[in-house]
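Excluded from the calculations below are hydrogen atoms, water molecules and symmetry mates; all remaining heavy atoms, backbone and side chain alike, are included. In what follows, chains carry the letters A, B, and so on, assigned in the order in which the sequence lines appear, proteins first and then strands, with residues in each chain numbered from 1.
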Amino acid sequence: MKTKLAALLLRAATGAFADGQLNSSDFPPIDIEEPKADAHGDFSSNFAMVMAAVQKMAPRKIAESITAKLEDPEGILLKTEIAGPGFINFFVRPSAWLPVLKEIHQTDERFGHANIGNGEKVQVEFVSANPTGPLHVGHGRGAAVGDSFGNILSACGYDVQKEYYINDSGRQIRTLGLSVYLRLKAISGDPVDFPADCYQGDYIRELAEDIQQGTELDLTRIPEEAAISRCARFAAKKILAGIRSDLDAFGVHFDRWFSEQSLFDKGLVDSAVAEFKGRDVIYENEGALWFRTSAFGDEKDRVVVRSNGQTTYFASDIAYHKDKFERGFERVIDVWGADHHGYIPRMTAAVEASGIHRSNFQVILVQLVNLLRGGAPVAMSTRAGEFVTLRDVVDEVGRDAARFIFLTRHYESPLDFDLELAKQQTNENPVYYVQYVHARISSILRKATERGVSRPGGNNRHLDLLTTPEDIQLIKTLARFPDTLQAAARMMEPHRVSYYLMDLASGFHAYYNKRRVLTDDQGLTQARLTLVLGVQTVIRNGLRLLGVSAPDRM
RNA sequence: GCCCCCGUAGCUCAGUGGAUAGAGCACCGGAUUCCUAAUCCGGGUGCCGCAGGUUCGAUCCCUGCCGGGGGCACCA
């Protein structure tokens with residue numbers, strides 16, 4: 001509808017210029033918006049105001065010239081008005097909305113999808129938690145945001161790959177191995193001191209018990225480094241399996257799990273370092289190798305190989321992101337926790353040094369989650385192993401509620417996640433409010449079948465019986481869905497879909513209380529069944545993008 | 001000290017440079033012989049943190065300040 005109106009405006013403006021009514025044919029891009037106030041019509045454009053300076057004319061005067069030339073061959077418009085400082089307001093003929101229902105019926109699960117992405121290859125990397133412990137609630141938020149955003153991009157015509165980067169190499173993994181090893185020794189009675197940086201959760205104890213059961217070898221009696229390394233590999237593998245299963249339970253699936261260690265195994269870290277060294281982007285100072293990130297906007301240079309010869313995680317990250325673009329992704333999006341924001345300049349620098357334009361690398365910084373129970377903070381400490389895991393949360397409040405709540409805030413806002421609230425089935429927990437629409441409509445359909453009412457196709461001839469303001473209002477809301485998805489994709493804001501669904505749900509519930517779907521009038525019943533089927537389809541499509549189920553009964 | 005995010009109704013939060021800034025919760029009152037009451041309808045709230053600037057127009061963009069949270073390493 002918006003694109004149609006924009007085309008009409010442009011044609012009218014061109015006509016007005018040809019007639020000498022306008023001074024310039026240098027027209028700005030046409031922006032059509034939906035006014036908040038009904039009195040301002042269904043759509044509105046600031047076209048005339050925006051070009052006032054170029055035309056050297058009063059905005060209202062321009063608007064008059066344009067609307068005078070406005071043609072409406074399809075009869076979409078009831079009227080146009082010039083209002084305020086020069087807005088052109090469009091009032092759409094109610095029946096012009098009806099074809100939307102046909103479109104929903106025809107495109108069904110693809111309704112709302114678009115092709116603004118043009119098949120562009122995009123990678124979304126998210127979660128990527130180190131396999132040193134179970135996922136916590138913050139990871140859950142990143143998972144919900146990354147997964148849903150990936151879904152939305154796919155729906156908008158991007159060729160999306162979702163990837164999880166496994167930090168299965170380096171210092172933290174060794175610390176994990178050491179933690180398990182020391183716990184193992186403690187279990188077998190050796191006196192041990194646990195260094196402060198060791199992990200101490202119950203899961204470490206379980207891992208220690210598991211590894212000893214799984215082998216004939218007494219790991220406390222073999223050389224220490226070998227034992228630690230063995231513990232590390234075992235523990236990382238086991239924890240990663242747990243992470244996969246937790247994400248699976250959360251409804252999050254990755255196209256690829258990318259191992260950091262594989263970069264070393266293929267020599268990609270060494271070759272990246274060598275390449276940048278050859279180009280003098282990496283240089284040596286005080287025995288360490290430094291990446292010249294300051295030449296690309298970072299505040300100072302960063303170490304990639306320490307003076308003891310060990311590479312830093314940054315070194316792997318450089319090789320990893322280089323590899324991403326070499327795999328053909330035109331755009332790479334990383335979803336990180338907000339505590340990593342200081343890492344953005346150096347990563348961007350590395351990408352740019354690799355010959356990629358910095359705008360092709362984007363980071364979504366997801367703010368922290370405060371876990372509450374009944375308003376009181378839940379104390380958590382990763383090192384001490386006292387925390388509520390993502391799995392705990394999903395088990396307690398359910399996958400649907402958890403996923404939806406993570407997407408009811410802009411990701412740049414800190415989120416209070418209250419476990420008690422998440423379990424409540426009130427309007428403060430809107431996932432049920434939205435799902436209830438789907439269930440209610442299923443119920444209407446069951447009732448219709450019971451009464452022997454046939455289910456309408458999209459082409460039913462009775463749609464023009466949908467004439468009440470409530471009918472039209474609901475269809476208008478449905479018509480907004482494609483725009484909502486595109487805005488969510490363009491602005492990288494999946495929460496827009498959640499808010500849209502709440503809005504649609506509110507519209508439907510109001511409709512349900514005011515109008516009957518199954519009436520004595522066969523034609524009207526057919527028409528309204530088509531309408532509520534449309535609502536159900538859009539709810540289902542939206543929820544699917546968010547990874548939330550659409551139940552037929554509640 | 002430097003960097004990032006936040007500051008909008010009593011609370012939790014939406015808000016794409018546009019017109020009279022919106023929801024939910026909480027509070028009060030009402031609606032169900034009839035498709036699921038996990039629902040709906042009515043009732044009122046705002047120096048959009050403060051001060052400048054850009055603009056025909058700023059909650060939105062820019063600068064400074066105030067308040068809250070997070071981050072600064074040859075850690076990740």
Out of B:A76, B:G15, B:U36, which nucleotide sits closest to the side chain of A:Thr312? B:A76
Where the side chain of A:Met491 is concerned, which of B:A14, B:C74, B:U16 is the nearest nucleotide? B:U16
Could you tell me whether A:His509 contacts a base, only the sugar-phosphate backbone, or nothing, with contacts defined as non-hydrogen atoms closer than 4.0 Å? sugar-phosphate
Contact class for A:Asn308 (heavy atom, under 4.0 Å): base, sugar-phosphate, or nothing? nothing
Given ring pair (Phe, Tyr, Trp, His ring centres under 6.0 Å), test A:Tyr164 with A:Phe126 step by step and report yes or no. CA-CA 6 Å; A:Tyr164 186 116; A:Phe126 55 103; 8.2 Å; no
Any side-chain N or O of A:Arg409 less than 4.0 Å from the OP1 or OP2 oxygen of B:C6? no
Which part of the nucleic acid, if any, lies within contact of A:Arg60, taking any heavy atom under 4.0 Å across all strands shown: a base, the sugar-phosphate backbone alone, or nothing? nothing
Once you apply a heavy-atom cut-off of 4.0 Å, does A:Leu368 come out as touching a base, just sugar-phosphate, or nothing? sugar-phosphate
If I pick the C1' atom on B:G17 and the same atom on B:A21, what distance separates them, to the nearest angstrom? 14 Å
For B:A31, does either OP1 or OP2 sit under 4.0 Å from a side-chain N or O belonging to A:Lys514? no
Counting only side-chain nitrogens and oxygens, does A:Lys36 get under 4.0 Å of the OP1 or OP2 atom of B:A19? yes
Look at the side chain of A:Tyr313 and decide which nucleotide, out of B:C35, B:A76, B:C40, has an atom nearest to it. B:A76
Taking OP1 and OP2 of B:C40, is either one under 4.0 Å from a side-chain nitrogen or oxygen of A:Tyr433? yes
Does either side chain, that of A:Asn130 or that of A:Gln172, offer a donor lying less than 3.5 Å from an acceptor on the other one? yes
Students often get this wrong, so: under 4.0 angstrom with heavy atoms, is A:Asp38 touching a base, only sugar-phosphate, or nothing? nothing
Which nucleotide wins on minimum distance to the side chain of A:Arg306, given the candidates B:U12, B:U36, B:C75? B:C75
Which nucleotide in the set B:U36, B:A73, B:A76 lies at the smallest distance from any side-chain heavy atom of A:Ala439? B:U36
With the side chain of A:Tyr343 defined as its heavy atoms from C-beta on, choose the nearest nucleotide among B:A76, B:G18, B:C6. B:A76
Looking at A:Tyr512, does any N or O in its side chain come under 4.0 Å of the phosphate oxygens OP1/OP2 on B:A37? yes
Students often get this wrong, so: under 4.0 angstrom with heavy atoms, is A:Ala37 touching a base, only sugar-phosphate, or nothing? nothing
Let's test your reading of the model: under 3.5 Å, does the base of B:G70 pair with the side chain of A:Asp339 as donor and acceptor? no
Regarding A:Gln435, tell me which of base, sugar-phosphate or nothing describes its non-hydrogen contacts under 4.0 Å with the strands shown. nothing
Sorted by position of nearest nucleotide on RNA chain B, 5' first, the leading residue of A:Asn89 and A:Arg440 is A:Asn89
Would you indicate which nucleotide in B:C2, B:U16, B:C74 comes nearest to any side-chain atom of A:Ala288? B:C74
Residue-phosphate contact under 4.0 Å: A:Tyr436 side-chain N/O, B:A38 OP1/OP2: yes
How is A:Ser413 classified with respect to the nucleic acid when contacts are heavy atoms under 4.0 Å: base, sugar-phosphate, or nothing? sugar-phosphate
Within the 4.0 Å heavy-atom criterion, would you say A:Arg302 contacts the bases, only the backbone, or no part of the nucleic acid? sugar-phosphate
Would you say the base of B:A19 stacks on A:Phe87 (centre-to-centre below 5.5 Å, plane angle below 30°)? yes
Calculate the interatomic distance between A:Asp416 atom CG and B:C13 atom P; express it in whole Å. 5 Å
Nearest-nucleotide 5' precedence on RNA chain B, A:Trp290 against A:Leu415: A:Leu415
Face-to-face contact A:His495 to B:A14 six-ring, under 5.5 Å, under 30°: no
Suppose we call a contact any N or O donor and acceptor under 3.5 Å apart; does that hold for the side chain of A:Ser44 and the base of B:A19? yes
Using a 4.0 Å heavy-atom cut-off, does A:His410 contact any base of the nucleic acid, only the sugar-phosphate backbone, or nothing at all? sugar-phosphate
Any N/O donor-acceptor pair, A:His341 side-chain to B:C3 base, under 3.5 Å: yes
Output field dot_bracket for RNA chain B (Watson-Crick or G-U, both distances under 3.5 Å, | for other-strand pairs) contains (((((((..((((....[...)))).(((((.......))))).....(((((..]....))))))))))))....
Does some side-chain heavy atom of A:Asp168 sit less than 4.5 Å from a side-chain heavy atom of A:Leu240? no
For B:C35, does OP1 or OP2 lie under 4.0 Å from any side-chain N or O of A:Ser442? no
For a quick check of understanding: with a heavy-atom distance under 4.0 Å over all strands, which category does A:Ala39 fall into, base, sugar-phosphate or nothing? nothing
Does NZ or CZ of A:Arg440 fall inside the cone over A:Phe508's six-membered ring, less than 6.0 Å from its centre and within 45° of the axis? no
